[in-house]
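Comments concern the structure below.
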There are 2 protein chains.
Amino acid sequence: MTRKTSTKLEDIARAAGVSKMTVSRVMRGGTGFSDATRDKVLAEADRLQYLPNRIAAAFGSTETSTLVGLCVPRFTSSLFGHVTESIQSNLSRLGYQTVIGSHDQIAKDEELWLKTLAAWRPAGILLAGTRHTPDTIELLKNLAVPVIELWDLTTDPLDMAVGFSHFDCGLTMGRYVAQQGRRQIGYVGAMAGIDTMGRARQNGFEAAMAEADLPLTAKEIAHDHPSFYTGFVGTENILARNPGLDALYYHDDEMAIGGIAYLNRHGIRIKHDIGVAGWGGMEAASILPERLTTTDIPAGALGKVAAEKLVTRLRGDAVDDVTVVATRLIPGNTV
Amino acid sequence: MTRKTSTKLEDIARAAGVSKMTVSRVMRGGTGFSDATRDKVLAEADRLQYLPNRIAAAFGSTETSTLVGLCVPRFTSSLFGHVTESIQSNLSRLGYQTVIGSHDQIAKDEELWLKTLAAWRPAGILLAGTRHTPDTIELLKNLAVPVIELWDLTTDPLDMAVGFSHFDCGLTMGRYVAQQGRRQIGYVGAMAGIDTMGRARQNGFEAAMAEADLPLTAKEIAHDHPSFYTGFVGTENILARNPGLDALYYHDDEMAIGGIAYLNRHGIRIKHDIGVAGWGGMEAASILPERLTTTDIPAGALGKVAAEKLVTRLRGDAVDDVTVVATRLIPGNTV
DNA sequence: TGACAATTTGTTATCGATAACAAATTGCCT
DNA sequence: AGGCAATTTGTTATCGATAACAAATTGTCA
């Protein structure tokens, strides 16, 4: 069997004239060795270009896996990009490595990803979303590691959760739009029947309509992913069927901006003729002549909180099961 | 020492009445066992809810690490989001797990990330960029695993490369803009002194200007990250200093769109008064009333090629050192 | 049927670190 | 100096799989 020949603890131990257990202790930086020993060992490790072997370390112990799994719907979304960036950099800072997966809202794909990840005995798991297959839930239970569900707090967490209520986002926006005097209000969505969180926002929005005795006049839910184009076309479709609409709530800002592009191109004045509200607080909205009415999501903060909460738990300290991240309605000037 | 109690090969072996070596062979799906044995073993594995232990497998062998490292500048960029998405899904399909890092154009951060990843003895490494510290290069050499540099082909690859020439992107666009009759041309960039690839595009662009005997009239290179806002402000600055400009080439589409927002807000007509060219082919450009003049980057294809190339090499088959991914100038209607 | 090849199965050693415990050394106090 | 505690260091067993080789079984053909 051909073996790697890189420096190992035993080589350092021999060179420094100590046992490899002592070297192990020094390398892990705890206590239980004299200053002289530490200096000698570190000098030899440096000279021999020692590269720690975490596979062997994880194998020999129960506690030292530093891999953390992160599964999101997709990395091409601006919000998930910020979450990923934040989680990765914070976990890295705390000494963990991030193993990623994406499921595109297909719970079975999350399960398949989790199965391969589980073979690596990760220290913890972060899942964006709350819809899981029964096998996923059972596997997570068997793994017995901390799990944080990100993004949505609509349902009970499996273990821990960091996020906010999408229902409340929709509810709050719905109340705001109604309060601005809009009466013929439509919803333009995406990923029909697949995206539970967009659906939760829609439900919240409809609840606000019901409160105000305003039936949600129209809905246009595309089957595609949310995108500028989906918003553009969705707006075209909903207005063709419902010419009298005076406000539109979109799945997200990207679609809202696409919708605004449609409205601009057809001489329909934003706010004056029709109100537009988005969700997500994406930077792209900054190019609009008027500030977009939307809900700001602190994606970076969410990732940071999640990473720190996971590590706190891994270190054995107590943490709250659920952390709510504050979202903020940005009134803007488009409704 | 408290140990995990999950099912191991030995448990299956005992239950199925065979040796654990036979179970190992069956689980890995090769040959060297009868159909009857395989069925018996798989049935027991299923009944006992066997979860493979890749840490032990990787430890016991030289060949079975399935972790692949991916380091990009940041995950919040649309293009890198697409690359990440594509690499992750393709590596996953081929049986590998993706461990991510981001360096935000700081070579030292890439090195630190690589050092922690190296401890996991990854099967391969994907790096977006070609600027590395000496220690990074030495570590990669010692690791002796396939390395693919993504994105830029301007310099010689360390091992393998998948990408395109940023210099050529700038050169081609520069020639196009000059050919459209523009004579007073400015460049609006970002991450001054940090981003080598944006710089390469700028160099190519300037080379085209020199060819056409057009000195690049003005440059405005922000220190910030590229963003809509950076493009907005950069445009304001460059025009304040150079009112006569008749074309602007931007670091990327995001900045170009920000620039267009500025121009629109000040009644400056795109194309008629001033030409605008971007880079990247981002979807957000689809909201513009006219199609943006830009260079389309096939980020998804690039990721797929890189993932497949890495795996081909890992399987021991021959691959080309360098794969060029075709970029495409989109004439659009803004220059 | 016998001989030899091909296939299937088992045995033993091993990867590189850590846990648990034991032993040796050092420090501190009276 | 003596005795006890605290610190430092070493020894042994072990994690769960795979590689290499050996043995047993099955298959094939003259």
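So that the names make sense, note that chain A is the first sequence line, chain B the second, and so on, each numbered from 1.
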Please report, rounded to the nearest Å, how far the [atom2] atom of [N] is from the [atom1] atom of [X].
X: Met27(B); N: dG16(D); atom1: CE; atom2: P; result: 15 Å
X: Glu10(A); N: dT14(C); atom1: CD; atom2: P; result: 12 Å
X: Arg14(B); N: dG10(C); atom1: CZ; atom2: C1'; result: 16 Å
X: Asp35(B); N: dT8(C); atom1: CG; atom2: P; result: 8 Å
X: Lys40(B); N: dT9(C); atom1: NZ; atom2: P; result: 8 Å
X: Ile55(B); N: dC15(C); atom1: CD1; atom2: P; result: 19 Å
X: Leu9(A); N: dT9(D); atom1: CG; atom2: P; result: 16 Å
X: Lys20(B); N: dT9(C); atom1: NZ; atom2: P; result: 18 Å

[N] phosphate, OP1 or OP2: any side-chain N/O from [X] under 4.0 angstrom?
X: Ser19(A); N: dT9(D); answer: no
X: Tyr50(A); N: dG16(C); answer: no
X: Arg28(B); N: dA19(D); answer: yes
X: Arg25(A); N: dT7(D); answer: no

From the set [options], return the single nucleotide nearest to any side-chain atom of [X].
X: Met21(A); options: dC15(D), dA20(C), dA19(D); result: dA20(C)
X: Ser61(A); options: dA19(C), dG10(C), dA17(C); result: dA19(C)
X: Ser34(B); options: dT8(C), dG16(C), dA17(C); result: dT8(C)
X: Thr37(A); options: dT9(C), dG16(C), dT9(D); result: dT9(D)
X: Thr22(A); options: dA17(C), dA17(D), dT9(D); result: dT9(D)

Under the side chain to side chain contact (heavy atoms under 4.5 Å, CB included) criterion, do Leu67(B) and Tyr96(B) qualify, and how do the steps go? CA-CA 6 Å; Leu67(B) 299 175; Tyr96(B) 293 82; over 6 Å; no
Polar pair under 3.5 Å, donor/acceptor by atom type, side chain [X], base [N]:
X: Lys8(A); N: dA17(C); answer: no
X: Arg54(B); N: dG16(D); answer: no
X: Arg121(B); N: dG16(C); answer: no

Report, as yes or no, whether the 6.0 Å neighbourhood of atom NZ on Lys304(B) holds more than 12 heavy atoms from other residues, nucleotides or ligands. no
Verify whether the ring centers belonging to His166(B) and Phe164(B) lie closer than 6.0 Å.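 Yes, the ring of His166(B) comes within the 6.0 Å limit of the ring of Phe164(B), centre to centre.
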Please tell me whether His132(B) and Glu110(B) have a donor and an acceptor in their side chains that are separated by less than 3.5 angstrom.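 His132(B) vs Glu110(B): donor-acceptor pair found between side chains.
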Okay, side chain of Asn90(A), backbone of Ser86(A): is any donor-acceptor separation there less than 3.5 Å? yes
Given that Leu51(A) and Gly32(B) both sit by DNA chain C, which one's nearest nucleotide is further toward the 5' end?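 Its nucleotide being nearer the 5' end, the pick is Gly32(B).
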Verdict with reasoning, Gln105(B) to Arg131(B), per side chain to side chain contact (heavy atoms under 4.5 Å, CB included): CA-CA 9 Å; Gln105(B) 307 289 355; Arg131(B) 204 178 41 165; 4.3 Å; yes
